Amino acid sequence: MTRDTEIFDIIRRERERQTRGIELIASENYVSDQVLEAMGSVLTNKYAEGYPGKRYYGGCEVVDLSERLAQERLKQLYGAVWVNVQPHSGAQANMAVFMACLNAGDKFLGLNLSHGGHLSHGSPVNFSGLMFHALEYNVREEDGRVDYDQLEQVARTEHPKLIIAGASAYSREWDYERIRRVADEIGAIFMVDMAHPAGLIAAGLLKNPVKYAHIVTSTTHKTLRGPRGGVILMGEDFPNPWGKTTPKGEVKMMSAMLDSAVFPGTQGGPLEHVIAAKAVAFGEALQPSYVDYQKQVQLNAAVMAEAFVDKGYKIISGGTDNHCMLVDLRTKFPDLTGKIAEKALVAADITTNKNMVPFDSRSAFQTSGLRFGTPAITTRGLKEDMMPWIVNLIDRVLGNPEDEQNILKVRQEVNAEMVKYPLFAW
Ligand code: DSN
């Protein structure tokens, strides 16, 4: 076959884009060459519906080994007693939890999307909000932190069957103990979606939700630095709260219900090449050097947040405990939308994303905020001394977002610096 130059030229362009710019999207990272190699391997050729040792296809004895290795490494990383490594994404992992724990129309409680929550925690345009009865809690206007009083009040009044902690744009540690207490009080399942801070948690720098929640979900590609995908974990104390029965009338443990909810409930054949890449990433996360990496992610974020504050920007909640921060542009540039700011920064080869801030006066398409994160630049080797330099470049662009010469000058400085931080061995 002739080489598909059309698509490989597009891939080359994306590789160049990733290499020349500063990547500040909080949910992105650069995987290792071994993760890339496993993802691009012959394992993609194999159908393996089912689970190791119980497959619906022959010839699964080799992929069984890599899926088992992924499971064992993931358990070790978080101290979990049961895991499922097959979800294709974080949203798929969450969907499986909904399917295992709730019936259509049941109430559940999650963080408001416009206050930092995730689409699959109850947005009206997502399966979670379409098929189930979504209730929400907010962050407090005065300090941008989760309003646990409100969460408890909604939980006690509405009796949701599932309470979700976790966010896409929240820079603070969670009070998992408090949520677990109210979940126990009302007989709800407590699920944590740790997708964003999963890497910091694996490194022991933030509290491990596996110790507090009944069920934990995650993606594998954000701070964790693995391939794009999802996982589900459980710790030791999982009860079978409602003695929920299967269609056959059999009482099953939650682990079996979750396995069934992933396959055959919501997915078919697992992506065994991605599962092997997950195993590689979990193995990397078990190395001592991974803790150094995550400490640097956290330090870079703290220094970046300070640099924004020094320049007159408002950070929601005033700072960060993790890898990300949400900047409210209105204090410094009241007329600048997140949409315009994102576009101007991208033109300067600084990639970030517009984001609503809590109590935003603008829509999700315009927004008053930008979200920044440090996982990718830290993988690239940037240390805390470079954070004020980055913030200064951002400030120069945002001060004149329509000035093409200004943007070009910033872009040249970005490109000249990033050449010093090589990416990709092949
Ligand atoms: N869309 C992801 C993020 O950027 O945070 C969450 O799934």
Side-chain angles (χ1 to χ4, degrees), residues 18 21-31 87-98 110-130 134 136 139 144 146 164-172 174 191-201 206 209 216-233 266-267 274 278 281 297 301 304 315-317 320-327 338-339 341-342 345-346 350-358 360 364-365 367 369-379:
Q18 291 186 15
I22 299 176
E23 181 53 73
L24 295 176
I25 291 179
S27 48
E28 293 191 12
N29 213 328
Y30 301 109
V31 297
H88 301 330
S89 71
Q92 293 285 114
N94 290 346
M95 187 179 228
V97 175
F98 277 78
L111 178 62
N112 183 344
L113 178 64
S114 62
H115 285 224
H118 187 255
L119 197 66
S120 64
H121 299 178
S123 160
V125 295
N126 180 262
F127 79 88
S128 53
L130 288 165
E136 61 192 25
V139 298
V146 166
I164 303 177
S168 275
Y170 185 65
S171 60
R172 294 301 184 179
W174 287 77
M191 174 195 126
V192 174
D193 180 343
M194 65 170 179
H196 263 267
L200 295 165
I201 292 165
L206 293 173
V216 175
T217 61
S218 186
T219 54
T220 45
H221 50 272
K222 298 186 174 89
T223 47
L224 190 52
R225 204 166 59 178
R228 202 156 278 282
V231 289
I232 310 175
L233 309 90
T266 52
Q267 293 187 176
V274 175
K278 287 175 181 173
V297 168
M304 181 178 279
I315 305 275
I316 300 300
S317 86
T320 179
D321 298 329
N322 56 29
H323 62 294
C324 74
M325 67 212 70
L326 187 53
V327 173
K339 184 178 179 184
E342 176 192 296
L345 287 169
V346 166
I350 300 172
T351 316
T352 179
N353 64 284
K354 65 177 181 294
N355 213 102
M356 284 185 87
V357 293
D360 207 323
F365 297 104
T367 84
L370 288 174
R371 187 184 63 163
F372 296 98
T374 54
I377 52 168
T378 307
T379 294

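From a predicted model like this one, the values you see are computed outputs, not experimental measurements. Whatever order the structure lists them in is the order used to number ligands and atoms, beginning at 1. We count residues from 1, following the sequence as given.
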Residue portion contacting ligand 1 (non-hydrogen atoms closer than 4.0 Å) for R371: side chain
Any side-chain donor near an acceptor of the partner, H121 and D193, under 3.5 Å: yes
4.0 Å heavy-atom contact, E28 with ligand 1: no
For S168, the ligand 1 atoms whose distance to one of its heavy atoms is below 4.0 Å: 5 (O), 6 (C)
Contact atoms of ligand 1, heavy-atom distance to S27 under 4.0 Å: 3 (C), 4 (O), 5 (O)
Heavy-atom pair with the smallest gap, counting every atom of L370 and A341: CD1-CB, 3.8 Å
Q92 side chain to Q267 backbone, donor-acceptor under 3.5 Å: no
Ligand-residue contact atoms, ligand 1 with H196, heavy atoms, under 4.0 Å: 3 (C), 5 (O)
Protein non-hydrogen atom found under 4.0 Å from atom 7 (O) of ligand 1: yes
Nearest neighbour in protein (non-hydrogen) for atom 1 (N) of ligand 1: H118 NE2, 4.5 Å
Shortest protein contact, atom 2 (C) of ligand 1 (heavy atom only): K222 CE, 4.0 Å
Over all atoms of both residues, closest heavy-atom pair of A281 and R225: CB-O, 4.0 Å
